[in-house]
Every structure is written in structure tokens, then in C-alpha cells.
Protein chains: 2
Amino acid sequence: MKLDEFIAKNGSSFSKEAGDHLFRQGEHDQSLYIVQSGLLKAYYLSADGKENIKSFILPGDNIGSLMSSYAGKPSTFSLVCLKPCELTVVEFSALYEASKTDTEISAAIVDFLLGFGIKKEAREYELLCLSAEGRYRKLLKNMPGILDLVTQNEIARYLGMTPVGLSRIKKRVSG
Amino acid sequence: MKLDEFIAKNGSSFSKEAGDHLFRQGEHDQSLYIVQSGLLKAYYLSADGKENIKSFILPGDNIGSLMSSYAGKPSTFSLVCLKPCELTVVEFSALYEASKTDTEISAAIVDFLLGFGIKKEAREYELLCLSAEGRYRKLLKNMPGILDLVTQNEIARYLGMTPVGLSRIKKRVSG
DNA sequence: GTGTGGAATTAACCCAAGTTAAAAGTCATG
DNA sequence: CATGACTTTTAACTTGGGTTAATTCCACAC
């Protein structure tokens, strides 16, 4: 696809260690990151220090702060590596400008954004309509593999509950 | 903007009464609706008959089922008029095909989808990180006008709580 | 006025999940 | 295999919000 070529040409690759941040909540970061290998998490930190996990980012996924890249405001979340990562980075603006003149690139971006929209709607549905237990059951069904990649603590923060609550739910669901 | 012209040329306008559905959960509907006037709600109905409101759609907003339009699957939600509405409808596929060859249209669509993504992320944040009371306070601050447009019952279903719960929270917040 | 039907509030009770803290597992390192 | 640092589980207690049902508020019709 033309988009891959554009990214290969305009992007650059680098590695990060587990624990390294790509950016933090409140900072400006106008990049789009493509994950070649490794694992990251995007998370919110509330004023009283509580963490909520927005998403886990796996190889093949893309991540960046829309708020910072597109709206020019500080990022609402932080992005950190959970494992050593190989990443490719491309400036959002380069992609955005290219999309204005190149129909192949813009078509790829439209497809990307439509897929992104569908994913966000699915998450919205789960958070709005399902109970904590329902969200756990759905995760079990849809991405059971994630359970081996991250701690239960992180699964809980992703599902919008505490690790203690998740432990209880696990027991209820399996027992 | 070129997009407006495209919609004026390829779309058609019509009216609906309060209570009319544009489509229902489980149906296929591959249209994008542009609201000229009136008010609609998009909502999920669970197996046991509980309603959860995905969003209210105001004049100037657009709405359609991404799942149906883009992924070709049945819509995950229903769309109904809360007040008499003047709408313009355009087939998603027409827009999508046009975006592949026309850079002005695709640029407008990219902008639309980026804005859409930012809105969905904000909603995700609220549902993941805020308590019921927190979500109500945020709504009070960000769109106080909506309180006069729809019943408290509907506000509650939008915020992911029951009307009884919202009544309690209102009392707590103001009293 | 007097009904009538939906919307909102209130009250009583219930429960899922949060909180705090202790106990038990797990695993890497010396 | 002992030590220490997490992670997970368990327990005891608290709490926010759900549920059900009764009551009060309205707006509108008659």
C-alpha cells in the first residue's frame, strides 16, 4: 500500500526499553507511532493518582495523541512501553498534508480512521452498557491472549475496576 | 466547502415526526444523515429491555451506523427522532467512493473523521475515568443546554445511570 | 376548577464493587 | 533455599448507585 511507502520514506525507526515513556499526559506530541514489536499501554492518571488504562497497543497497531496532533492541545493520556519496543514514528502533520494531495494516501487514512471509529464505538458500548463482569467476560472472549501479556492489575485498570474487584469477578466467573 | 456541494447534489432531504425511527438496532442502514433541524437520539437496547443512550444528535451534527455503512454488519444501535426533524441523507458508499478520487472531498472526510475520533475519545475518557456524579458534573459544565431539550430520564440513560440515581446526584450536587 | 398520565423525587432496601489491610503465591537474585 | 519485591487472593467493612414502589409535580385536556 502507498501508505506503507510513505511511512517508510518519511518515518524513522527506533527502540525503547520497557518503562520508557513516549509522551506523558499534558505534553504535546504530534507523532503517530507504529508498533513493529513489543507492547505499550496508553493510560490516564487522575488528580488523585489513580490510573485508568485507555488501551494496550500491540505489534501492527498505531497510536498517537489525536488531541495533540490534530487539535494542538496537550495530550490527555500518557504512552509507555510495557516491554522493549521497536517503533516507527511519522509526524502527523506530514501524513495530514500528504492526504490533502495524494488520493491513495488519503484513502488509506480514511480507511484507518473508519476502522479506528469502529473500535472506539465498540469500547464506548462496553463502558456504557456492560457491567464490570460483562466487560471481563467480553475480554475473555475477544482477546484472551492479552491476559498472558499484562498483569491482572493492568487488566483491571483497563476494564474500569480495581484489581481486587477483578480478582473477585474471576472467581465468580470461573468457580 | 466541496463536501456541502457533494451532499447537496447527491443527497436528498426529508422530514420525520417525533418518535419516527430512521433505523433500528440489528438492521442494515448504509446512510449518513445530516440534521438540519430537530433532535434525535441514538440508543442501545439490551436483551432485558434496558435502554442506554449513545448520543443526542443536534442540528449540524451527522449520524449514521459505521458498523453497517463501513463494516457491512447490522447496526449496533437504533436512531430515533425526539422532535420533528428536517434531515438530509446521503449514501455512505457515494461519499466513500467520491473520497477515493476527489482530494477535496477526502480532505473534508478526513477532517470529519478526526473530529469524530476526538469526540469518541472524550466520551471514552468520561465513561472509563469518571464516576456517575463526575459525568453529570461534566455534562453540566460542557453542555448545560441539553438539560432543557430532553427529559432527565434520557440524561440518565446517556450518562450510564438510572433516572433515580440521577435525581439523587442532582440533589447532592446542588443542595 | 378536576381529572389524567408522564416526569421527577423520595424512601427503603439491596448489592456490586471500592477500600484497606493482611495473607498467600510467584519469581528472580544472591 | 532464603530473601525480597511484586502480584494475586481473601476478608471485613463501606459506599455509590440500582431496584421497587409510593408520592409529588406538572402540563394539558375536559
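A note on names: the letters A, B, ... follow the listed sequences, proteins ahead of strands, and every chain is numbered from 1.
- Rounded to whole angstrom, the span from the CZ atom of B:R168 across to the P atom of D:dA21 amounts to 16 Å.
- Of the candidate nucleotides D:dG17, C:dT9, D:dT10, D:dT10 has the atom lying nearest to any side-chain atom of A:S167.
- Between B:K171 and C:dT9, a side-chain N or O to OP1/OP2 separation shorter than 4.0 Å is absent.
- Remark: C1' of D:dG17 and OH of B:Y136 are 16 Å apart, rounded to the nearest angstrom.
- The side chain of A:S131 lies closest to C:dA17, out of C:dA17, D:dG17, C:dT19.
- B:L82 has its CG atom 12 Å from the P atom of C:dA7, to the nearest Å.
- Taking atom CG on B:N52 and atom P on D:dG18, their separation rounds to 10 Å, with Å as the unit.
- For A:D48 and C:dT19, the CG to C1' distance is 13 Å, given to the nearest whole Å.
- A donor atom on one side chain and an acceptor atom on the other are not found under 3.5 Å apart for A:Y158 and A:N153.
- Using modelled atom types, one finds a donor on one side chain and an acceptor on the other under 3.5 Å when comparing A:E91 with A:S31.
- Counting only N and O atoms by type, the side chains of A:Y125 and B:N52 include no donor and acceptor under 3.5 Å apart.
- Stacking of B:K119 on the aromatic ring of B:F116 is not recorded, the 6.0 Å distance cut-off and the 45° axial limit not both being met.
- A:T151 comes within contact range of the sugar-phosphate backbone alone, with a heavy-atom separation under 4.0 Å but no base atom that close.
- The nearest whole Å value for the distance from the CD atom in A:Q152 to the C1' atom in C:dG25 is 12 Å.
- The side chain of B:K50 lies closest to D:dT19 when the candidates are C:dG18, D:dG18, D:dT19.
- In this structure, A:S75 and A:S68 approach most closely via the heavy-atom pair N-CB, 4.2 Å.
- Distances were taken from every side-chain heavy atom of A:R172 (C-beta onward) to each of C:dA16, C:dT10, C:dT9; the shortest belongs to C:dA16.
- The side chain of B:K170 places no N or O atom within less than 4.0 Å of a non-bridging phosphate oxygen (OP1 or OP2) of C:dA8.
- Following rounding to the nearest Å, B:L166 (CG) and C:dA8 (C1') show an atom-to-atom distance of 10 Å.
- Between the CD1 atom of A:I169 and the C1' atom of D:dT8 there is a distance of 15 Å, given to the nearest Å.
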